[in-house]
Amino acid sequence: NFKQSLGVSQMCFIIHSKCILLRYTQPGQQVHKICFGRWEEGRSQDGKKWKTLEHKGPLFPPEYEPLPQDVSFYYNGKPLRLSIVAEEVATFYAKMLDHEYTSKEIFQKNFFTDWREEMTAEERDLICEFSKCDFGEMHRYFVEQSEKKKDMSKEEKEVLKEETKKLTEEYGYCLLDGHKEKIGNFRVEPPGLFRGRGEHPKMGKLKKRILPEDIIINCSNDSKTPEPPKGHKWKEVRHDDTVTWLASWVENVQGSIKYIMLNPSSKLKGEKDWQKYEIARKLKLKVETIRKEYERDWKSKEMKKRQKGVAVYFIDKLALRAGNEKEEGETADTVGCCSLRVEHITLHKELDGQECVVEFDFLGKDSIRYYNKVPVDKRVFKNLKLFMENKNPEDDLFDRINTTYLNKTLNNSMTGLTAKVFRTYNASTTLQEQLSKLTSRMWHAEKLLSYNRANRAVAILCNHQRTAPKTFEKSMQNLQQKIELKQKQLDEAKAELKKAKSDYRESKTEKLKRLVEQKEKMVKRLQEQLKKLQLQMTDREENKVIALGTSKLNYLDPRISVAWCKKFDVPIEKIYNKTQRDKFAWAIDMTNEDFEF
DNA sequence: AACGCCACTTAGCAGTTCAGAA
DNA sequence: TTCTGAACTGCTAAGTGGCGTT
């Protein structure tokens with residue numbers, strides 16, 4: 001009846017764990033949603049993450065398939081049949097042959113050492129020199145295989161797709177507190193060669209195959225325990241409701257623990273995400289006080305306090321990461337704020353007409369370069385000079401402090417405050433500020449472009465980079481050509497319009513009048529198309545090495561975007577794709593247009 | 001305070017899919 | 001219908017920060 005009275009053909013209930021939405025579209029109008037119930041903030045205080053948890057355990061990668069008889073590894077120019085285990089490891093290398101990783105000495109060395117460990121005694125005796133190894137034939141075989149896969153018929157591809165879908169349905173979900181939730185990564189990581197980022201000392205090492213005997217399962221004790229693969233046992237089955245993971249194992253290269261966890265769309269993750277932004281909003285209310293506090297620290301008698309004051313200033317102003325200390329030689333040499341070394345900054349009393357400029361140049365997370373020249377407060381500049389006195393380039397800039405101390409003092413200023421909150425706070429504030437400058441008079445494409453601009457401002461602040469797409473230059477050229485063509489068309493159309501007008505002036509017939517109107521329309525359309533292309537060009541150029549996704553997914557309070565969409569009548573689908581809409585379901589459900597971060 | 005361990009978020013890349021242009 | 005480039009998805013490495021122990 002409700003449907004009929006509204007003249008709506010379709011209506012659906014969207015059932016979240018803590019709210020139910022009734023969703024429908026009235027003809028010619030926007031989508032309506034009626035919300036019953038709401039998301040819960042905070043959650044229980046006792047550290048319990050769930051009451052019940054049931055799942056099927058992780059999905060293992062397929063077993064190794066030996067090479068066909070006519071494909072072989074060559075040593076010293078002669079074909080050599082390897083033992084299954086050694087052959088498998090060799091294929092890892094062979095598959096990567098055209099990647100530049102394999103040309104690096106450390107990569108080769110690490111691989112060769114670990115490979116020899118997997119060989120039989122005889123193989124180890126024989127295969128002593130890496131330079132005599134030839135993986136060419138194996139490599140060609142794998143290239144061929146992937147070609148074949150590409151050339152498969154539509155039907156065959158369909159069958160494969162169906163199979164993965166079935167596996168996802170079986171293993172991709174769990175039951176948490178009685179609700180079906182998507183799992184983030186339900187597959188055990190397959191064996192292979194470790195590829196670190198940047199100059200990683202462990203690149204090329206063998207990442208071993210994980211067996212059920214390595215895996216700890218976590219589920220509730222009254223649930224059906226996942227079945228290990230035939231002939232195998234789990235390492236342990238535990239029932240720990242203070243953690244959110246479903247399974248874990250220790251990885252052999254770095255000795256770190258890997259987890260199977262829920263998808264960001266889950267209630268558990270969503271509420272945590274929400275909480276994160278609430279803390280950042282709390283910082284917004286206190287940030288002025290906190291800024292005064294660290295400015296006072298710049299003058300402290302205690303060197304430790306001064307260093308802290310300057311470090312927090314960097315974290316706040318430049319959105320630097322905290323910079324935990326890392327084990328030397330175990331990972332790539334990267335730093336964050338607290339681990340900055342003297343060699344990473346250069347002080348300029350004056351630079352390009354600005355006073356007190358600090359030049360930063362260091363590798364941050366994922367070995368992404370941070371390069372920036374920033375004019376700073378005079379007192380900060382003086383302090384930095386002081387911190388650098390009598391130090392070697394490789395000494396710590398902030399030698400009296402570390403992230404634990406810094407976070408402890410931050411927590412004293414505001415409960416829940418840590419270094420990373422500043423990044424969230426500054427990112428979200430920047431987005432909101434930038435968006436508030438926009439007007440509703442813009443046309444659609446312009447609105448979206450402006451949103452991207454705002455997003456980009458944040459990405460630049462957080463130094464989120466990407467390697468320029470391989471096809472960038474070419475696609476840019478193509479676009480340029482299109483623009484030139486459009487320009488030419490426009491010029492022609494304009495000339496035609498002019499002619500039509502003068503014709504009309506000479507003999508004012510109805511037919512010629514219509515022609516003028518027609519040509520005017522044509523010119524207008526072409527102008528719009530040209531403008532659109534030019535916008536696209538700027539957008540793409542500015543986006544060349546900037547990654548927008550990271551900030552969108554991790555730093556920008558989605559409620560800002562949702563509110564903006566509502567206010568300016570932009571469909572949310574233009575801003576967030578399906579995955580993102582799932583992740584931010586909590587925000588989409590509860591935000592109206594006057595939300596303020 | 002130093003250390004080691006653990007749990008969780010944040011990050012860029014590569015392969016795949018999709019949509020619009022030719 | 002085919003081709004091309006962008007968007008999306010999955011993957012897993014690399015951070016942050018808390019806690020208990022010494």
Side-chain angles (χ1 to χ4, degrees), chain A residues 47 49 61 96 99 101 146 149-150 157 160-161 164 168 172 184-190 192 194-198 200 202-203 207 216 218 240 242-245 248 250-251 253-264 268-269 272-273 275-276 315 321-327 330-332 334-339 363-368 402-408 410-411 416-424 427 459 462-467 469-472 474-476 478-479 482 536 539-540 543 545-555 576-580 582:
Chain A
K49 304 288 167 58
M96 300 173 79
H99 201 290
Y101 267 107
S146 70
K149 208 175 149 198
K150 239 188 260 164
K157 278 183 184 166
L160 279 182
K161 218 172 157 185
T164 45
T168 310
N185 54 327
F186 56 89
R187 286 167 200 274
V188 172
E189 293 175 15
F194 176 80
R195 312 144 76 131
R197 315 255 165 86
H200 198 113
K202 298 201 171 175
M203 64 168 83
K207 193 169 121 173
I216 303 173
N218 193 34
D240 184 353
T242 66
V243 295
T244 65
W245 52 267
S248 76
V250 175
E251 157 269 353
V253 176
Q254 320 237 45
S256 65
I257 309 168
K258 300 271 186 166
Y259 300 95
I260 303 280
M261 286 187 189
L262 293 184
N263 189 272
L268 198 69
K269 294 278 188 189
K272 195 83 191 293
D273 206 34
Q275 212 177 48
K276 174 181 80 184
I315 286 168
R321 294 189 186 81
N324 285 321
E325 50 266 74
K326 328 202 288 175
E327 239 177 302
E330 296 289 300
T331 58
T334 62
V335 297
C337 185
C338 289
S339 48
L363 297 182
K365 181 176 179 178
D366 293 318
S367 292
I368 296 293
N402 58 38
T403 52
T404 312
Y405 167 71
L406 196 132
N407 281 331
K408 229 178 252 166
L410 288 175
N411 195 252
L417 183 61
T418 61
K420 84 201 251 300
V421 179
F422 281 93
R423 261 168 96 79
T424 314
C462 295
N463 200 37
H464 292 142
Q465 298 188 21
R466 61 165 185 175
T467 46
K470 274 190 224 94
T471 52
F472 185 84
K474 210 182 120 217
S475 75
M476 242 8 202
N478 288 351
L479 196 55
K482 262 198 228 166
Q536 210 184 351
D539 201 41
R540 215 186 283 176
N543 253 353
V545 291
I546 310 285
L548 299 185
T550 309
S551 50
K552 206 176 193 177
L553 227 49
N554 300 300
Y555 289 103
Y576 292 137
N577 68 33
K578 181 76 176 68
T579 322
Q580 296 169 153
D582 285 344

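Here is the naming used below: chain letters follow the sequence lines, and residue numbers restart at 1 for every chain.
Nucleic acid contact for A/Lys420: sugar-phosphate only, since backbone atoms but no base atoms lie under 4.0 Å from a heavy atom of the residue. Here A/Tyr405 lies out of heavy-atom contact (under 4.0 Å) with every strand. Nucleic acid contact for A/Lys202: none, since no nucleic acid atom lies under 4.0 Å from a heavy atom of the residue. Residue contacts shown for A/Arg321 are limited to sugar-phosphate atoms, with no base heavy atom under 4.0 Å away. Residue contacts for A/Ser256: at a heavy-atom cut-off of 4.0 Å it reaches no nucleic acid atom on any strand shown. Counting any heavy atom pair closer than 4.0 Å across all strands shown, A/Pro190 reaches sugar-phosphate atoms only and no base atom.
Remark: A/Lys578 engages A/Asp582 in a salt bridge (charged side-chain N to carboxylate O under 4.0 Å, His left out) (not counting sequence neighbours).
No side-chain donor-acceptor contact under 3.5 Å links A/Arg195 and A/Tyr101.
Using a 4.0 Å cut-off, no side-chain N or O of A/Thr403 falls inside it from OP1 or OP2 of C/dT16. Residue A/Thr467 has a polar side-chain atom (N or O) positioned under 4.0 Å from OP1 or OP2 of B/dC13.
Ring-plane geometry between A/Trp245 and A/Tyr259 is classed as tilted, the angle between the planes lying from 30 to 60 degrees on a 0 to 90 degree scale.
When each of B/dA11, B/dA7, C/dA13 is scored by its nearest atom to the side-chain atoms of A/Lys207, the top-ranked nucleotide is C/dA13.
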